[in-house]
Amino acid sequence: ADVKSKLWYTGNKGTGTDAGALIKSKTDKKMDKIIDKIWFDFSDTVEEREINQWIETIKSEFQGKVEHFENIPDEVEQVQNAADKSGEKGILLTDKTTQCMNAKEKEIPYILYLTEENKGADFADIPYAVEGFEGVDVAFLDEIYRRFKGIPWTILETKRLLVRETTEEDLDALYEV
């Protein structure tokens with residue numbers, strides 16, 4: 001895109017990211033949802049009714065796969081290897097801290113679902129946790145996936161404009177302005 005079609009906004013340092021925002025004309029490639037697979041694994045402490053209701057909500061707005069997998073460390077590796085080969089981009093939602101640590105080791109984005117049983121766990125290596133399924137939709141999961149993988153968030157999108165966080169790759173164009 002032409003440099004003249006770009007505006008820049010420097011973000012606040014206190015927003016959790018050092019990036020500002022790049023405002024581009026919509027002639028640039030649209031930034032659609034990235035994830036195409038959602039994995040979940042819950043213990044018996046999470047009600048099956050809640051899980052099924054959440055899955056139905058997700059499936060109503062999500063074109064990808066929603067799959068359950070058990071707490072088997074090798075399976076986490078198999079999931080990652082399959083995702084690498086197929087190009088799938090997935091995220092894990094679980095209430096098991098061990099599953100989170102396995103996912104972290106395999107560089108699979110993950111979110112911990114908080115329960116009474118895991119609330120005393122060490123959360124030092126768990127950057128994202130939720131207390132319920134409310135608000136855990138495809139857009140939220142996509143944002144967490146992007147954060148894990150260092151992909152800029154889309155901040156605002158209209159028919160003619162896309163505003164997203166800046167990246168290091170944007171710096172050359174910034175200096176041209």
Side-chain angles (χ1 to χ4, degrees), residues 11-19 21 31-157 164-165 167:
N12 296 333
K13 291 278 186 187
T15 59
T17 178
D18 291 338
M31 299 181 80
D32 290 322
K33 297 290 179 262
I34 290 180
I35 60 170
D36 51 19
K37 197 165 215 177
I38 299 168
W39 298 294
F40 65 93
D41 184 27
F42 296 106
S43 65
D44 293 337
T45 60
V46 181
E47 290 184 33
E48 189 172 339
R49 179 188 52 79
E50 285 183 83
I51 296 168
N52 290 335
Q53 192 173 20
W54 173 71
I55 290 169
E56 289 307 310
T57 302
I58 290 292
K59 284 183 175 180
S60 71
E61 63 176 283
F62 184 59
Q63 302 302 313
K65 297 177 186 171
V66 180
E67 294 182 346
H68 174 259
F69 71 96
E70 299 294 327
N71 187 14
I72 303 168
D74 289 343
E75 192 166 349
V76 176
E77 189 167 352
Q78 290 171 3
V79 166
Q80 182 61 42
N81 290 339
D84 288 344
K85 288 177 187 172
S86 68
E88 290 175 325
K89 296 167 181 68
I91 188 166
L92 169 67
L93 180 61
T94 184
D95 66 334
K96 301 174 183 177
T97 56
T98 54
Q99 197 71 309
C100 288
M101 294 303 94
N102 290 334
K104 179 183 179 191
E105 185 179 309
K106 303 299 178 192
E107 298 182 2
I108 298 171
Y110 59 93
I111 301 170
L112 178 67
Y113 186 95
L114 298 173
T115 64
E116 287 297 316
E117 283 71 23
N118 68 19
K119 72 178 181 181
D122 178 12
F123 297 121
D125 292 327
I126 300 175
Y128 301 101
V130 294
E131 293 182 317
F133 290 111
E134 186 176 334
V136 181
D137 57 9
V138 175
F140 175 76
L141 295 171
D142 189 71
E143 287 174 347
I144 300 303
Y145 179 90
R146 287 172 184 267
R147 212 28 106 224
F148 265 94
K149 297 296 186 176
I151 301 168
W153 282 7
T154 299
I155 298 166
L156 172 74
E157 190 171 347
R164 68 162 172 79
E165 294 175 316
T167 65

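Side-chain atoms are counted along with the backbone in the values below, which use heavy atoms only and exclude waters and symmetry mates. All figures in this text were calculated on a predicted structure; none of them were measured in a lab.
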For [X] and [Y], which heavy atoms make the closest approach, and how far apart are they?
{"X": "Lys96", "Y": "Phe42", "answer": "CE-C, 4.0 Å"}
{"X": "Tyr110", "Y": "Ala103", "answer": "CD2-CB, 3.8 Å"}
{"X": "Glu165", "Y": "Ile155", "answer": "N-CD1, 3.8 Å"}
{"X": "Ile108", "Y": "Gly90", "answer": "CG2-O, 4.5 Å"}
{"X": "Asp36", "Y": "Lys89", "answer": "OD1-N, 2.6 Å"}

Decide yes or no for [X] and [Y]: does some side-chain heavy atom of the first lie under 4.5 Å from some side-chain heavy atom of the second?
{"X": "Leu93", "Y": "Phe133", "answer": "yes"}
{"X": "Phe62", "Y": "Leu141", "answer": "no"}
{"X": "Tyr145", "Y": "Ile151", "answer": "yes"}
{"X": "Ile126", "Y": "Met101", "answer": "yes"}
{"X": "Pro127", "Y": "Phe148", "answer": "yes"}

Is it the case that over 12 heavy atoms from other parts of the model lie below 6.0 angstrom from the [atom1] atom of [X]?
{"X": "Glu134", "atom1": "CD", "answer": "no"}
{"X": "Asn52", "atom1": "CG", "answer": "yes"}
{"X": "Glu131", "atom1": "CD", "answer": "no"}

**Asked** Distance-only, no hydrogens or angles: does the Asp142 side chain make a donor-acceptor pair with backbone N or O of Ile35 under 3.5 Å?
**Response** yes

**Request:** Look at the side chain of Trp153 and the backbone N and O of Glu143, then say whether any donor-acceptor pair between them is shorter than 3.5 Å.
**Result:** yes

Atom pair [atom1] ([X]) and [atom2] ([Y]), whose distance is rounded to the nearest 0.5 Å:
{"X": "Glu107", "Y": "Lys149", "atom1": "CD", "atom2": "NZ", "answer": "6.0 Å"}
{"X": "Thr94", "Y": "Ile111", "atom1": "OG1", "atom2": "CD1", "answer": "11.0 Å"}
{"X": "Tyr128", "Y": "Leu112", "atom1": "OH", "atom2": "CG", "answer": "13.5 Å"}
{"X": "Glu116", "Y": "Thr45", "atom1": "CD", "atom2": "OG1", "answer": "9.5 Å"}
{"X": "Asp137", "Y": "Ile58", "atom1": "CG", "atom2": "CD1", "answer": "6.0 Å"}
{"X": "Glu117", "Y": "Asp44", "atom1": "CD", "atom2": "CG", "answer": "10.0 Å"}

**Request:** Using only heavy-atom distances, determine whether the side chains of Thr97 and Asn118 contain a donor-acceptor pair under 3.5 Å.
**Result:** no

**Asked** Which of these, Val136, Ile51, Val46, sits in a side chain to side chain contact (heavy atoms under 4.5 Å, CB included) with Tyr113?
**Response** Val46

**Ring geometry between Trp54 and Phe40 (parallel below 30°, tilted from 30 to 60°, perpendicular above 60°)** = perpendicular

